[in-house]
J.: 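Below is one structure. I have some questions about it.
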Amino acid sequence: MARYDIPLSLMKLFGALRTVAVFETTKGALVLLVGFDLLSLVHHDIQQAAEHLLAHTHLNPASRYPHIFIDLANQLTNTRLLLIAAGAGVYSLVRFIEAYGLWRARRWAQWFAAASGAIYVPFELFELYERVTWLSLGALTLNLAIVAFMLYHLFHAGDKKIANAPSSS
């Protein structure tokens, strides 16, 4: 089927799927960068790096969150850094695989996107319960929108539309 023979509503669907794919790719890339940054700290004085970061950002190390940050830095060992970096790599790989599936309008990726987005909802609700911020409200709203979109499409679009998905990249 030629691309121009695909109904406009279906093209909008593919555009939305690709938007979510780009979002997932971005999340994966950011976490991968953090993982590489953590790897760069192996065999270095992590507490000194944390204190330097706080001084650079002009944060008071005695206040609550910077103090928690310093305490966590004190507990990091090279082994823990390697494990966290490996976890970041696995998380990124999962996000990239999901993004590929969404870009190609694969049904399994839509199920995965709905499930992986739904996992975060209870944590985001708890975060809002603890303290309402624009960031936590925005994260919950975006996550719920993605989950709702995926579930709506999965239950209402049907297999026949996915079968007509454009196969070009």
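In what follows, residues are counted from 1 in the order of the sequence shown. Computed from a predicted model, the values in this text were never measured in an experiment.
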J.: Side-chain contact test, heavy atoms from C-beta onward, threshold under 4.5 Å: evaluate it for L76 versus L41 and give yes or no.
T.: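 Contact flag for L76/L41 side chains = no.
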J.: Do other residues, nucleotides or ligands put more than 12 heavy atoms under 6.0 Å from Q48 CD?
T.: no
J.: Between side-chain atoms of residues 138-146 and protein atoms elsewhere (two or more places apart, or another chain), which donor-acceptor pairs fall under 3.5 Å?
T.:
residue, atom, partner, partner atom, Å
T141, OG1, L137, O, 2.8
N143, ND2, G117, O, 3.0
N143, ND2, E124, OE1, 3.3
N143, ND2, E124, OE2, 3.2

J.: Do V34 and L81 share a hydrophobic cluster, counting only Ile, Leu, Val, Met, Phe, Trp and Tyr and linking them when any side-chain heavy atoms are less than 4.5 Å apart?
T.: yes
J.: Are any of the side-chain heavy atoms of R95 and T25 separated by less than 4.5 Å?
T.: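 R95 does not reach T25 side chain to side chain.
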J.: When rounded to the nearest 0.5 angstrom, what distance separates CD in E24 from CG in L102?
T.: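 Interatomic distance, E24 CD to L102 CG, rounded to 0.5 Å: 7.0 Å.
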J.: Does F23 share a hydrophobic cluster with F96, counting links as ILVMFWY side-chain heavy atoms below 4.5 Å and allowing steps through other members?
T.: no
J.: Going by side chain to side chain contact (heavy atoms under 4.5 Å, CB included), name the residues that satisfy it together with V22, two or more places apart in sequence or in a different chain.
T.: T26, W103
J.: With no hydrogens and no angle check, is any side-chain donor or acceptor of S136 less than 3.5 Å from a backbone partner on V132?
T.: no
J.: Look up atom CD1 in I46 and atom CD1 in I70, then write down how far apart they are to the nearest 0.5 Å.
T.: 11.5 Å
J.: Should F36 and L30 be counted in the same cluster of Ile, Leu, Val, Met, Phe, Trp and Tyr side chains packed under 4.5 Å apart?
T.: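 No, because F36 and L30 fall into different hydrophobic clusters, even though each may have its own neighbours under 4.5 Å.
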J.: If you define the side chain from C-beta out and look only at heavy atoms, does anything of I97 sit under 4.5 Å from F112?
T.: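 Contact flag for I97/F112 side chains = no.
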J.: Might you work through the ring-ring contact (aromatic ring centres under 6.0 Å, His included) test for W108 and Y100, ending with a clear yes or no?
T.: CA-CA 11 Å; W108 62 263; Y100 171 81; 7.5 Å; no
J.: Run the side-chain contact (heavy atoms from CB on, under 4.5 Å) check on R64 and I68 step by step: do they pass?
T.: CA-CA 6 Å; R64 182 177 178 204; I68 292 170; 4.2 Å; yes
J.: Search all heavy atoms of A50 against all heavy atoms of A73 and return the closest pair with its distance.
T.: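 Taking every non-hydrogen atom into account, CB-CB, 3.6 Å.
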J.: Taking all heavy atoms of V147 and all of A118, pick out the closest pair and write down the distance.
T.: CG2-N, 3.5 Å
J.: Show the nearest heavy-atom pair for residues L32 and G89, with the distance to one decimal.
T.: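 Taking L32 first and G89 second, the nearest heavy atoms are CD1-CA, 4.3 Å.
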J.: Start with the C-alpha distance between Y65 and L59, add both sets of side-chain angles, then the distance that settles side-chain contact (heavy atoms from CB on, under 4.5 Å), and finish with yes or no.
T.: CA-CA 9 Å; Y65 292 114; L59 294 174; over 6 Å; no
J.: Please walk me through it: do K27 and Y91 pass side-chain contact (heavy atoms from CB on, under 4.5 Å)?
T.: CA-CA 9 Å; K27 287 189 334 187; Y91 176 87; 3.8 Å; yes
J.: Do V20 and Y120 sit in the same hydrophobic cluster, where Ile, Leu, Val, Met, Phe, Trp and Tyr count as joined when their side-chain heavy atoms come under 4.5 Å apart?
T.: no
J.: Membership question, hydrophobic clusters at under 4.5 Å side-chain separation (ILVMFWY): are V31 and L83 in the same one?
T.: no
J.: Looking at H156 and Y152, would you say the former's side chain and the latter's main chain have a donor-acceptor pair under 3.5 Å?
T.: yes
J.: Counting only N and O atoms by type, is there a donor-acceptor contact under 3.5 Å from the side chain of H44 to the main-chain atoms of S40?
T.: yes
J.: Is a side-chain N or O of R107 found less than 3.5 angstrom from the main chain of L154, in a donor-acceptor match?
T.: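 Yes, the answer is positive, given that a donor and an acceptor are paired below the 3.5 Å cut-off.
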J.: Heavy atoms, side chains only, cut-off 4.5 Å: are E127 and T133 in contact?
T.: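 Contact flag for E127/T133 side chains = no.
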J.: For A88 and G35, which heavy atoms make the closest approach, and how far apart are they?
T.: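 Result for this residue pair: CB-CA, 3.9 Å.
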J.: Distance-only, no hydrogens or angles: does the N78 side chain make a donor-acceptor pair with backbone N or O of H43 under 3.5 Å?
T.: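 Looks like yes, one N/O pair under 3.5 Å.
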J.: For Q110 and L17, what are the C-alpha separation, side-chain angles and deciding distance, and is it a side-chain contact (heavy atoms from CB on, under 4.5 Å)?
T.: CA-CA 8 Å; Q110 295 168 43; L17 284 176; 3.8 Å; yes
J.: First locate atom CG of L33, then atom CG of L38, and finally report the distance between them rounded to the nearest 0.5 Å.
T.: 11.0 Å
J.: When you compare the side chain of N60 with that of H67, does any pair of heavy atoms fall below 4.5 Å?
T.: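 The answer is no; the side chains never approach within 4.5 Å.
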J.: Where the side chain of R80 meets the backbone of Q75, is there a donor-acceptor pair that is under 3.5 Å apart?
T.: yes
